[in-house]
2 protein chains.
Amino acid sequence: MPKLGMEPIRKDALVKATITEIGRTGSLDVTVSQIAKRAGMSSALAHHYFGSKEDMFLAAMRHIMTIYGAEVRGALGVAQTPMARIDAIVVASFSAANFRREAVGAWLNFWVLAQTVPQAKRLVAVYQRRLKSNLLVGLRPLVGARAEAIAEGLGALIDGLYLREVLRPGAPDGAAAAQMARDYLSAHLATPPQDHNL
Amino acid sequence: MPKLGMEPIRKDALVKATITEIGRTGSLDVTVSQIAKRAGMSSALAHHYFGSKEDMFLAAMRHIMTIYGAEVRGALGVAQTPMARIDAIVVASFSAANFRREAVGAWLNFWVLAQTVPQAKRLVAVYQRRLKSNLLVGLRPLVGARAEAIAEGLGALIDGLYLREVLRPGAPDGAAAAQMARDYLSAHLATPPQDHNL
DNA sequence: AAGTTTATTGACTCGTCAATCAACAAAAAA
DNA sequence: TTTTTTGTTGATTGACGAGTCAATAAACTT
């Protein structure tokens, strides 16, 4: 039965199965056997292709971020104006895909993982930098030097809104979250630079 | 040795030990034995006072939120103006206490727990409602009807900023986060109500 | 004093799980 | 065709862990 060139196929299946299982259980408390079974192979084979469970988690994390990155890139591709670019990122961040059980489980659990696994923390940092950099491209033509601070804030707001929607009882409302992010932006666009006073 | 009236003392010790251990490991992957040992008793006694590990987690969650609530209440107590009230909440949210390993571990992991344990989700909802309601008291005198939306946004921003600081490589900067939240507010205060357009 | 409630633990049950290994099969290289 | 590389799994190891239970002891009740 051994067809050659199985490695990428098996790894891919394992990554997807890992994400599915994390979404199913809502935690990192998934066994290699569960993952392997869902991916249609023995747990021994999973260990053969990935050295350890942690490696599987990291690969899954990379995969989730790749998906998200692709979604953003796709949306940016059709955006013509700076404003449209920003909106594209916002909309992509609150797409239905990101509210699927698996995606939610992945993000929340990867944040937890980042606390203790340096590699995971680095991946989170990559995501944050990329988000900020994407926002900056759209913001700089609009607000110049203030872009830096606004990108930082908007990035945080996007994460915060995502978290709220995810934890809110009932179904998440991506559109409402997106609108909230837009409001943040318009408020900052309408405001001239000012001193910080209470 | 059995002195009576041990229950509250033991429970308290267990709750604190639970939080400590979650902070230490950065995950909910802590054993009852670890917790019990840190609290200075046998694991059997821990099971005696709390029915299960999940009960310990929920009690720990309540405790964390109680602490945070007290901190906010304390800060609100000395605030005289609406603006000061909002600022008090912001400052309290980014206090050094909230960036301690244990607090960070607690919050992140409780978000994960909320995905699967309804009781945990309810506790998170309580926190979100209370934060919003506290913000509303300060916001209404300032912006009237717009208070609702701004409170929602500011609440999300606070969570998002917290998350960013926590996941950022290097030490978190609570002051910077607080300033970012203030900027959000001043932008909204300076902006008149407007239509939603891109 | 006898009985009850509260405190406490060591030992145990029953289960799980990550990781390893020996062994087998098929394709490719020599 | 022998050898090596790649794919694959069942069985096993070695360890750990949640929750139960019986037993012991001090305090409080009647």
Side-chain angles (χ1 to χ4, degrees), chain A residues 1-61 105 109-110 112-113 116-117 119-120, chain B residues 1-61 105 109-110 112-113 116-117 119-120:
Chain A
M1 302 191 172
K3 302 142 198 169
L4 290 219
M6 282 283 95
E7 175 152 358
I9 295 165
R10 292 303 201 187
K11 277 194 154 184
D12 195 66
L14 281 169
V15 162
K16 283 173 182 157
T18 301
I19 293 168
T20 302
E21 285 300 303
I22 290 176
R24 214 177 53 74
T25 66
S27 80
L28 297 180
D29 238 326
V30 292
T31 71
V32 173
S33 298
Q34 276 167 29
I35 296 171
K37 185 174 185 180
R38 179 163 302 262
M41 72 194 80
S42 71
S43 72
L45 194 54
H47 273 104
H48 173 68
Y49 283 121
F50 289 94
S52 68
K53 191 160 74 155
E54 189 174 299
D55 284 342
M56 290 184 223
F57 285 160
L58 290 173
M61 204 167 160
N109 280 289
F110 291 159
V112 165
L113 202 63
T116 50
V117 180
Q119 189 64 227
Chain B
M1 303 197 169
K3 303 142 198 170
L4 290 218
M6 282 283 97
E7 176 153 357
I9 296 164
R10 293 303 201 184
K11 277 193 155 184
D12 196 66
L14 282 170
V15 162
K16 283 172 182 156
T18 301
I19 293 166
T20 302
E21 286 300 303
I22 291 177
R24 215 177 51 75
T25 66
S27 79
L28 298 181
D29 237 326
V30 291
T31 71
V32 174
S33 298
Q34 277 168 27
I35 296 170
K37 185 173 186 181
R38 179 162 303 261
M41 71 194 81
S42 70
S43 71
L45 195 54
H47 274 105
H48 173 67
Y49 284 122
F50 289 93
S52 67
K53 192 160 73 155
E54 189 174 298
D55 284 342
M56 290 184 222
F57 286 160
L58 290 173
M61 204 166 161
N109 280 289
F110 292 160
V112 165
L113 202 62
T116 50
V117 180
Q119 189 62 227

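Just the heavy atoms: all of them, side chains too, but no hydrogens, waters or symmetry mates, feed the values below. Just so we're on the same page: letters track the sequence lines, and every chain starts at 1.
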Among [options], which nucleotide sits nearest the side chain of [X]?
X       : options                : value
B:Met41 : C:dA28, C:dT9, C:dT8   : C:dT9
A:Leu4  : C:dA28, D:dA18, C:dA18 : C:dA28
B:Val32 : D:dA18, C:dA18, D:dC21 : D:dA18

Using whole Å, what does the distance between atom [atom2] of nucleotide [N] and atom [atom1] of [X] come to?
X       : N      : atom1 : atom2 : value
A:Met56 : C:dA19 : CE    : C1'   : 10 Å
A:Lys37 : C:dC17 : NZ    : P     : 12 Å
A:His47 : C:dC21 : NE2   : C1'   : 13 Å
B:Lys53 : C:dT16 : NZ    : C1'   : 13 Å
B:Asp29 : C:dA18 : CG    : P     : 10 Å
A:His48 : C:dA22 : NE2   : P     : 15 Å
A:Leu45 : D:dT8  : CG    : P     : 5 Å
B:Glu7  : C:dT5  : CD    : P     : 15 Å

With heavy atoms under 4.0 Å as the rule, sort [X] into base, sugar-phosphate or nothing.
X       : answer
B:Ser42 : base
A:Phe50 : nothing
B:Gly5  : sugar-phosphate
B:Ser52 : sugar-phosphate

Output for pair (A:Asn109 CG, A:Ile19 CD1), nearest 0.5 Å, gives 12.0 Å

- Indicate whether OP1 or OP2 belonging to C:dT6 is found under 4.0 Å from a side-chain N or O atom of B:Arg10. no

Think B:Tyr49 has a side-chain N or O under 4.0 angstrom from the OP1 or OP2 of C:dT6?
->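 Answer no for this pair, as no side-chain N or O of B:Tyr49 is under 4.0 Å from OP1 or OP2.
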
inquiry  = So B:Phe57 and B:Ile22, do their side chains get closer than 4.5 Å, heavy atoms only?
reply    =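 In contact.
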
- With a 4.5 Å heavy-atom cut-off, do B:Leu58 and B:Phe50 have their side chains touching? no

Quiz item: Counting only N and O atoms by type, is there a donor-acceptor contact under 3.5 Å from the side chain of B:Lys53 to the main-chain atoms of B:Val30?
Solution: yes

**Asked** Looking at A:Glu7 and A:Arg10, does any basic side-chain N land under 4.0 Å from a carboxylate oxygen?
**Response**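 No, A:Glu7 and A:Arg10 are not salt-bridged.
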
